Amino acid sequence: QPPDGPAAVRLMTPAGIPVTATLLEPSSGPGWAACAVEKDGGDDPDVTDGTLVYARVETTASPGIVIDGGEGVGRVTKPGLDQPVGAAAINSIPRRMITAQLTQTMEQHGYTGGLSAVISIPAGVELAKKTFNPRLGIVGGISVLGTSGIVRPMSEAALIESNRLELSTVRARGARHVLVTPGNYGEDFSRDVLGLSLRDWALCSNYVGDAIDCAVGLGFESFLLVGHLGKLVKVAGGAPP
């Protein structure tokens with residue numbers, strides 16, 4: 001550990017809840033410092049629980065704060081997501097949190113130069129295969145998400161949001177009509193039996209109503225739902241997922 005480096009830092013989350021993060025694997029050199037924190041997934045069944053997230057910050061000649069992704073952080077390849085095509089998949093609120101912490105530190109030390117912050121999640125390359133990222137057009141790793149800074153056991157809400165993002169990416173590339181399936185059966189039937197293209201296709205799981213509402217809000221002209229009759233009857237009857 002650097003001789004003057006803290007063992008932990010305390011910060012305020014967007015939810016207004018203070019959090020103390022233990023700093024792991026600290027290191028530093030002329031003009032730079034790095035460390036890691038461990039992702040705590042709480043009660044949420046999150047594949048990233050326990051994953052180490054690394055940050056490396058170094059001084060730059062140019063003023064301002066630049067945030068980018070390193071190993072294991074995905075890169076956006078399709079429009080319609082929180083970040084533009086080509087950017088690291090670090091969403092707006094995490095970017096604001098990083099900027100706020102760095103700005104506070106710069107002011108405390110009277111530093112007026114620039115800073116570069118690179119966030120890396122080495123395990124993210126493999127973890128991304130277990131997420132929606134490849135379908136959403138995020139390649140090379142996982143996303144740095146969050147709206148409150150606090151993990152809550154709301155997997156249903158997270159799945160609905162993933163479905164919404166998928167519909168958004170289909171719409172962003174100019175599609176006016178969308179094919180939606182609850183799962184793999186509908187996907188296979190649409191392609192192999194109906195001969196439909198899967199170019200403008202999205203999954204909705206059991207959340208058909210949410211998908212329809214989202215599609216209407218995005219301005220799709222038509223919404224074709226293809227799925228197993230038993231699944232659709234179950235959903236229509238209000239049976240729990």
Side-chain angles (χ1 to χ4, degrees), residues 1-75 82-83 87-128 130-131 133 138 140-155 158:
Q1 177 173 327
D4 57 347
V9 293
R10 186 173 175 84
L11 55 88
M12 184 64 67
T13 64
I17 301 172
V19 169
T20 298
T22 301
L23 304 184
L24 307 173
E25 302 182 24
S27 60
S28 63
W32 67 272
C35 67
V37 295
E38 183 177 330
K39 167 69 180 290
D40 182 358
D43 295 327
D44 209 34
D46 188 341
V47 297
T48 64
D49 186 35
T51 301
L52 291 182
V53 180
Y54 293 80
R56 177 188 168 99
V57 177
E58 60 182 303
T59 58
T60 62
S62 302
I65 296 172
V66 177
I67 300 170
D68 202 1
E71 180 186 5
V73 172
R75 189 81 39 185
D82 181 87
Q83 294 297 305
I90 303 173
N91 278 14
S92 299
I93 292 179
R95 286 177 181 269
R96 287 202 294 270
M97 292 180 66
I98 295 169
T99 299
Q101 293 298 313
L102 293 179
T103 299
Q104 181 181 25
T105 300
M106 292 167 67
E107 292 174 349
Q108 289 175 347
H109 294 275
Y111 175 68
T112 57
L115 291 178
S116 167
V118 177
I119 308 301
S120 303
I121 310 173
V125 176
E126 289 300 315
L127 288 174
K130 303 177 182 179
T131 71
N133 276 14
I138 299 172
I142 60 176
S143 306
V144 180
L145 307 174
T147 56
S148 66
I150 300 296
V151 175
R152 296 183 174 89
M154 296 189 299
S155 295

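Since the structure is predicted, the reported quantities are computational estimates derived from the model, not experimental observations. Along the sequence shown, residues carry numbers from 1.
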Asks: Under 3.5 Å, is there a donor on one side chain and an acceptor on the other for Asn91 and Ser143?
Replies: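 No, Ser143 and Asn91 have no side-chain donor paired with an acceptor closer than 3.5 Å.
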Asks: Give a yes or no on whether the backbone of Ala117 and the side-chain of Asp68 come within a donor-acceptor separation of less than 3.5 Å.
Replies: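 A pair under 3.5 Å: no.
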Asks: Run the numbers on Thr20 and Val9 for side-chain contact (heavy atoms from CB on, under 4.5 Å), then give the verdict.
Replies: CA-CA 6 Å; Thr20 298; Val9 293; over 6 Å; no
Asks: Would you say that Leu23 contacts Val37 through its side chain, given a criterion of any heavy-atom pair below 4.5 Å between the two side chains?
Replies: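 Counting from C-beta outward, Leu23 and Val37 do come under 4.5 Å.
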Asks: Considering non-hydrogen atoms only, spot the tightest contact between Gly69 and Ala88 and give its length.
Replies: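 Smallest interatomic distance, heavy atoms only, reads N-CB, 3.3 Å.
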Asks: Go through the steps to decide whether Val19 and Arg10 satisfy the test side-chain contact (heavy atoms from CB on, under 4.5 Å), and finish with yes or no.
Replies: CA-CA 6 Å; Val19 169; Arg10 186 173 175 84; over 6 Å; no
Asks: What distance separates Gln104 CD from Leu11 CG, expressed to the nearest 0.5 Å?
Replies: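 Interatomic distance, Gln104 CD to Leu11 CG, rounded to 0.5 Å: 9.5 Å.
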Asks: Any side-chain heavy atom of Leu115 sitting closer than 4.5 Å to one from Val66?
Replies: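 They are not in contact (no side-chain heavy atoms under 4.5 Å apart), so the answer is no.
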Asks: Which atoms form the tightest heavy-atom contact between Ile138 and Ala89, and what is the distance?
Replies: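 Looks like CG2-CB, 3.8 Å.
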Asks: With side chains defined as the heavy atoms from C-beta onward, is the minimum distance between Pro122 and Tyr54 less than 4.5 Å?
Replies: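 Counting from C-beta outward, Pro122 and Tyr54 do come under 4.5 Å.
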Asks: Just so I know, are the side chains of Ser27 and Trp32 near enough to count as touching, which here means a heavy-atom distance under 4.5 Å?
Replies: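 Yes - at least one pair of side-chain heavy atoms lies under 4.5 Å apart.
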Asks: Going from CD on Glu25 to CG on Leu52, what distance comes out if it is rounded to the nearest 0.5 angstrom?
Replies: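 Result: 6.0 Å between the selected atoms.
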Asks: Does the distance from a Lys or Arg side-chain N to an Asp or Glu carboxylate O, for Asp82 and Arg95, drop under 4.0 Å?
Replies: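 Arg95 and Asp82: not salt-bridged.
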Asks: Any chance you could measure Met106, atom CE, to Thr112, atom OG1, to the nearest 0.5 Å?
Replies: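 Rounded to the nearest 0.5 Å, the CE-OG1 separation comes to 7.5 Å.
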Asks: Looking at every heavy atom in both Ala123 and Thr51, which two are closest together, and how far apart are they?
Replies: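 What the structure gives for the nearest pair is CB-CG2, 4.1 Å.
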Asks: For a 4.5 angstrom cut-off between non-hydrogen side-chain atoms, does Ile121 reach Val144?
Replies: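 Ile121 vs Val144: side chains touch.
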Asks: Working to the nearest 0.5 angstrom, can you tell me the gap between Gln101 CD and Arg96 CZ?
Replies: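 The CD atom of Gln101 sits 14.0 Å away from the CZ atom of Arg96.
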Asks: Name the residue from Thr99, Ile98, Thr60 that meets the side-chain contact (heavy atoms from CB on, under 4.5 Å) definition with Ile65.
Replies: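 Exactly one candidate clears the test, Thr99.
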Asks: Which pair of non-hydrogen atoms, one from Gly70 and one from Ser120, has the smallest distance, and what is that distance?
Replies: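 The pair with the smallest heavy-atom distance is CA-OG, 3.5 Å.
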Asks: To the nearest 0.5 angstrom, please state how far the OG1 atom of Thr105 sits from the OH atom of Tyr111.
Replies: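 That separation rounds to 12.0 Å.
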Asks: Would you compute the distance between atom OG of Ser92 and atom CD of Gln83 and round it to the nearest 0.5 angstrom?
Replies: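 Atom-to-atom, Ser92:OG and Gln83:CD are 5.0 Å apart.
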